[in-house]
Enquirer: 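Following this message is one structure expressed as structure tokens.
This chain uses plain numbering: 1 for the first residue, then up along the sequence.
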Amino acid sequence: MRGTKRVRQLLWRWRSNPLRRHDDVVEAWIVLAVWAVIAIGGTLAGVLTAHAADGSFARLRSERHPVQAVLVGSGTETAAVGADTPYNQVRATVRWTATDGSQHTGRALVDTGHQTGSKVVVWLNSKEQLTTAPTSASSATVEAAVLGAGAALAFGGLAFAAGRVAQWRLDQRRYDQWGREWDQVGPRWRRKTT
């Protein structure tokens with residue numbers, strides 16, 4: 001019984017009522033549409049973003065491969081790289097053998113503490129160029145989920161903001177209508193005393 005009363009209170013804009021205006025019905029449909037867009041569109045945006053991010057991480061994992069390299073310049077002699085570099089790694093000169101047998105030299109991130117001549121693992125992309133290690137599968141799953149949740153929240157926030165703007169416009173229209181009605185009724189309330 002109590003739940004029925006609550007539902008009737010929530011759905012008053014759709015029920016026949018002499019105080020209900022056309023703007024009230026429009027506002028009710030706007031609220032319903034906004035929540036439907038948030039629920040369906042936000043979920044869809046989140047799932048698609050997470051799927052795309054996971055696919056991108058998987059593609060990077062398949063394109064990159066580790067190779068053994070020899071440290072040419074000592075990692076202890078080189079300075080740590082900028083903010084995007086992990087603190088336990090430095091950029092050092094390494095030499096590796098490509099799949100075609102040719103020797104290459106370049107600068108790569110290596111763990112600190114290795115001496116010149118040490119064997120280290122570096123990562124190459126599909127063009128046999130030095131690159132960073134790909135994100136692990138578990139980290140990629142977490143990162144894709146976070147990106148998906150962020151996309152869902154962003155989409156939901158935009159839909160909610162659009163709904164609030166539409167409701168604000170309806171409120172402004174109602175205020176203008178009330179002002180016009182008051183201009184007509186207000187003078188009748190004044191009585192001259194003689």
Side-chain angles (χ1 to χ4, degrees), residues 30-169:
I30 287 172
V31 168
L32 182 65
V34 165
W35 284 111
V37 167
I38 288 173
I40 296 168
T43 302
L44 189 61
V47 167
L48 289 176
T49 301
H51 182 69
D54 197 40
S56 176
F57 292 135
R59 188 176 64 253
L60 286 177
R61 281 193 304 278
S62 69
E63 291 174 354
R64 296 178 182 183
H65 59 280
V67 295
Q68 287 281 349
V70 176
L71 191 60
V72 177
S74 175
T76 58
E77 299 168 359
T78 55
V81 188
D84 61 332
T85 302
Y87 293 114
N88 62 343
Q89 291 187 325
V90 292
R91 192 168 293 280
T93 305
V94 295
R95 183 179 57 246
W96 72 95
T97 304
T99 53
D100 63 359
S102 62
Q103 293 283 325
H104 295 278
T105 303
R107 292 183 59 78
L109 289 175
V110 296
D111 293 334
T112 57
H114 292 289
Q115 299 298 322
T116 302
S118 300
K119 290 189 177 185
V120 293
V121 175
V122 295
W123 288 84
L124 301 177
N125 61 17
S126 58
K127 297 177 183 176
E128 298 290 322
Q129 299 168 335
L130 287 170
T131 188
T132 57
T135 307
S136 68
S138 59
S139 295
T141 300
V142 170
E143 204 168 326
V146 169
L147 288 171
L153 287 173
F155 185 86
L158 286 174
F160 183 77
R164 291 301 298 155
V165 167
Q167 285 181 303
W168 176 79
R169 291 288 298 143

Enquirer: What residues form a side chain to side chain donor-acceptor pair (under 3.5 Å) with Thr105, not counting sequence neighbours?
Expert: none

Enquirer: Specify the closest pair of heavy atoms between Trp123 and Ala133, including all atoms of both residues, with the distance to one decimal.
Expert: NE1-CB, 3.3 Å

Enquirer: Go through Thr97 and Gln68 one step at a time and tell me if the side chain to side chain contact (heavy atoms under 4.5 Å, CB included) criterion holds.
Expert: CA-CA 8 Å; Thr97 304; Gln68 287 281 349; over 6 Å; no

Enquirer: List in chain and number order the residues that pass side chain to side chain contact (heavy atoms under 4.5 Å, CB included) with Leu130, two or more places apart in sequence or in another chain; answer none if no residue qualifies.
Expert: Val94, Trp96, Ala108, Val122, Leu124

Enquirer: Step by step, work out the side chain to side chain contact (heavy atoms under 4.5 Å, CB included) result for Phe155 and Val37.
Expert: CA-CA 9 Å; Phe155 185 86; Val37 167; 3.7 Å; yes

Enquirer: Please find the pair of heavy atoms, one from Ala92 and one from Val110, that lie closest to each other, and give the distance.
Expert: CB-CG2, 3.8 Å

Enquirer: Quick one: which residue pairs count as a side-chain hydrogen bond (donor to acceptor under 3.5 Å, both in side chains) with a foot in residues 139-156, not counting sequence neighbours?
Expert: Ser136-Ser139

Enquirer: Name all pairs fulfilling the side-chain hydrogen bond (donor to acceptor under 3.5 Å, both in side chains) condition that reach into residues 149-168, sequence neighbours left out, sorted by first residue then second.
Expert: Glu27-Gln167, Arg164-Gln167

Enquirer: Could you tell me which non-hydrogen atom of Arg61 sits nearest to which non-hydrogen atom of Pro134, and how far apart they are?
Expert: CG-CB, 3.7 Å

Enquirer: Could you state the interatomic distance from CD (Glu128) to NE2 (His65), rounded to the nearest 0.5 Å?
Expert: 4.0 Å

Enquirer: Pair up each side-chain donor or acceptor in residues 38-55 with any protein partner under 3.5 Å, not counting sequence neighbours, and list the distances.
Expert:
residue, atom, partner, partner atom, Å
Thr43, OG1, Ala39, O, 2.5
Thr49, OG1, Ala45, O, 2.8

Enquirer: Identify the two heavy atoms, one from Ala140 and one from Thr135, that lie closest to each other, and give their separation to 0.1 Å.
Expert: N-CG2, 3.5 Å

Enquirer: Among all residues two or more places apart in sequence or in another chain, which pass the side chain to side chain donor-acceptor pair (under 3.5 Å) test with His104?
Expert: Ser102

Enquirer: Heavy atoms only: give me the nearest Gln115-Leu71 pair and the separation to one decimal.
Expert: O-CD2, 3.5 Å

Enquirer: Could you give the distance from CG (Leu109) to OG1 (Thr131), rounded to the nearest 0.5 Å?
Expert: 9.5 Å

